[in-house]
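In what follows, a single structure is set out as structure tokens and then discussed.
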Amino acid sequence: HTLKLEHPILTNYDLEKLRRVSRGDFLATTMPMLFRVDGGERELERALDGLCRSASLAMKSGYSLLIPSDRGFEHDYAPIPSLLALTAVHNHLVREKTRTQVALIVESGEPREVMHFALLLGYGASAVNPYLSLETLEDMHRQGHFPPALTLRAALSNYVKAIAYVFAPAAPAK
């Protein structure tokens with residue numbers, strides 16, 4: 001079974017809908033992409049290993065939508081770079097010969113530009129939720145940085161369409 005998306009860029013709302021999917025073959029789980037800052041390089045390695053093990057266990061437990069997420073970072077916990085985390089999990093699942101059984105949906109504050117999305121998608125992400133970019137647009141709208149006629153919904157839609165166009169361009173006009 002396959003979940004078909006119009007394009008690989010997910011709004012915060014779209015991601016929450018996927019998180020709440022719990023029918024049949026579609027079960028979603030979120031896996032933190034964080035590591036303890038005070039542990040340095042060794043802690044980063046340990047966190048990456050833990051993320052890979054979590055992905056394997058989630059897949060074996062029947063989850064088909066794995067959402068590595070860097071939300072929740074704080075003073076003691078830093079986000080693992082999303083491309084590094086995604087690549088580690090993707091390659092781990094490929095080595096286990098289970099990669100085709102799950103979708104990897106990256107929830108990260110890092111991606112802002114088309115190249116960021118291209119790299120994540122090229123290295124194995126099925127979809128990307130750029131929550132920080134979307135929340136920044138929401139904040140800019142709230143502060144009145146957009147023309148009054150531009151609704152928040154339209155601003156978010158324009159951003160997603162601009163990024164998504166590169167990956168799923170509209171059909172040519174006839």
Working to the nearest 0.5 Å, report the span between [atom1] of [X] and [atom2] of [Y].
{"X": "Asn129", "Y": "Leu134", "atom1": "CG", "atom2": "CG", "result": "6.0 Å"}
{"X": "Ile105", "Y": "Glu107", "atom1": "CD1", "atom2": "CD", "result": "10.0 Å"}
{"X": "Met33", "Y": "Ile67", "atom1": "CE", "atom2": "CD1", "result": "11.0 Å"}
{"X": "Leu84", "Y": "Leu48", "atom1": "CG", "atom2": "CG", "result": "4.5 Å"}
{"X": "Arg19", "Y": "Thr29", "atom1": "CZ", "atom2": "OG1", "result": "9.0 Å"}
{"X": "Ser54", "Y": "His92", "atom1": "OG", "atom2": "NE2", "result": "9.5 Å"}

Open item on the list: Starting from Phe146, can I reach Leu152 by hopping between I/L/V/M/F/W/Y residues whose side chains sit under 4.5 Å apart?
Closed with: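 Yes, it is one cluster - the side chains of Leu152 and Phe146 are joined through contacts under 4.5 Å.
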
- [ ] Indicate, with yes or no, if Leu34 and Leu57 share a hydrophobic cluster defined by side-chain heavy-atom contacts under 4.5 Å among Ile, Leu, Val, Met, Phe, Trp and Tyr.
- [x]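 Hydrophobic grouping puts Leu57 apart from Leu34.
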
- [ ] Taking the side chain as every heavy atom from C-beta outward, state whether Leu150 and Asn158 have any atom pair closer than 4.5 Å.
- [x]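 Yes; the side chains approach each other to less than 4.5 Å.
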
TODO: Indicate yes or no: at least one non-hydrogen side-chain atom of Leu132 is less than 4.5 angstrom from one of Glu110.
DONE: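 Not in contact.
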
TODO: Mark yes when over 12 heavy atoms from residues, nucleotides or ligands other than Gln143 sit less than 6.0 Å from its CD; otherwise mark no.
DONE: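 More than 12 heavy atoms, drawn from other residues, nucleotides or ligands, come within 6.0 Å of this atom.
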
Open item on the list: Looking at every non-hydrogen atom in both residues, tell me the closest pair between Leu137 and Ala155 and how far apart they are.
Closed with: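 Closest heavy-atom pair between Leu137 and Ala155: CD1-O, 4.2 Å.
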
TODO: Measure across Ser69 and Thr30 and return the closest heavy-atom pair with its distance rounded to 0.1 Å.
DONE: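 Answer, listing the atom of Ser69 first, then Thr30: CB-CG2, 3.7 Å.
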
- [ ] Could you please spell out the steps behind the side chain to side chain contact (heavy atoms under 4.5 Å, CB included) verdict for Leu66 and Met31?
- [x] CA-CA 7 Å; Leu66 307 183; Met31 306 177 316; 4.1 Å; yes

TODO: Is it possible for you to check whether Arg36 lies under 6.0 Å from the centre of the six-membered ring of Tyr77, through NZ or CZ, and within 45° of that ring's axis?
DONE: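 Here Arg36 passes the 6.0 Å and 45° test against Tyr77.
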
- [ ] Evaluate the side chain to side chain donor-acceptor pair (under 3.5 Å) criterion for residues Tyr131 and Arg71: first the C-alpha distance (whole Å), next the side-chain angles of each, then the deciding distance (0.1 Å), finally the verdict.
- [x] CA-CA 9 Å; Tyr131 70 85; Arg71 280 192 187 263; 5.4 Å; no

Task: Side chains of Glu96 and Ser56, donor plus acceptor under 3.5 Å - done: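 A donor-acceptor contact under 3.5 Å links the two side chains.
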
Task: Candidate pair Val37 and Asp76, rule side chain to side chain contact (heavy atoms under 4.5 Å, CB included), full reasoning - done: CA-CA 6 Å; Val37 175; Asp76 295 330; 5.9 Å; no

Task: From CA spacing to verdict: side chain to side chain donor-acceptor pair (under 3.5 Å), Thr11, Asp14 - done: CA-CA 5 Å; Thr11 65; Asp14 294 335; 3.1 Å; yes

Treating [X] as the side-chain partner and [Y] as the backbone partner, does any N or O pair qualify as donor plus acceptor under 3.5 Å?
{"X": "Ser133", "Y": "Pro111", "value": "yes"}
{"X": "Asp70", "Y": "Ser82", "value": "no"}
{"X": "Glu43", "Y": "Phe35", "value": "no"}
{"X": "Ser157", "Y": "Arg153", "value": "no"}

- [ ] Would you check, one step at a time, whether the test salt bridge (Lys or Arg N to Asp or Glu O under 4.0 Å) holds for Glu135 with Arg142?
- [x] CA-CA 10 Å; Glu135 290 172 6; Arg142 197 172 22 258; over 6 Å; no

Pairs under 3.5 angstrom only: tabulate donor-acceptor contacts from the side chains of residues 113-127 to other protein residues two or more places apart or in another chain.
unit_1: His116; atom_1: ND1; unit_2: Arg112; atom_2: N; d: 2.9
unit_1: His116; atom_1: ND1; unit_2: Glu113; atom_2: N; d: 3.2
unit_1: Ser126; atom_1: OG; unit_2: Leu104; atom_2: N; d: 3.3

Does [X] pair with [Y] as a salt bridge, N-O distance under 4.0 Å?
{"X": "Glu16", "Y": "Arg20", "result": "yes"}
{"X": "Lys161", "Y": "Glu6", "result": "no"}
{"X": "Asp49", "Y": "Arg46", "result": "no"}

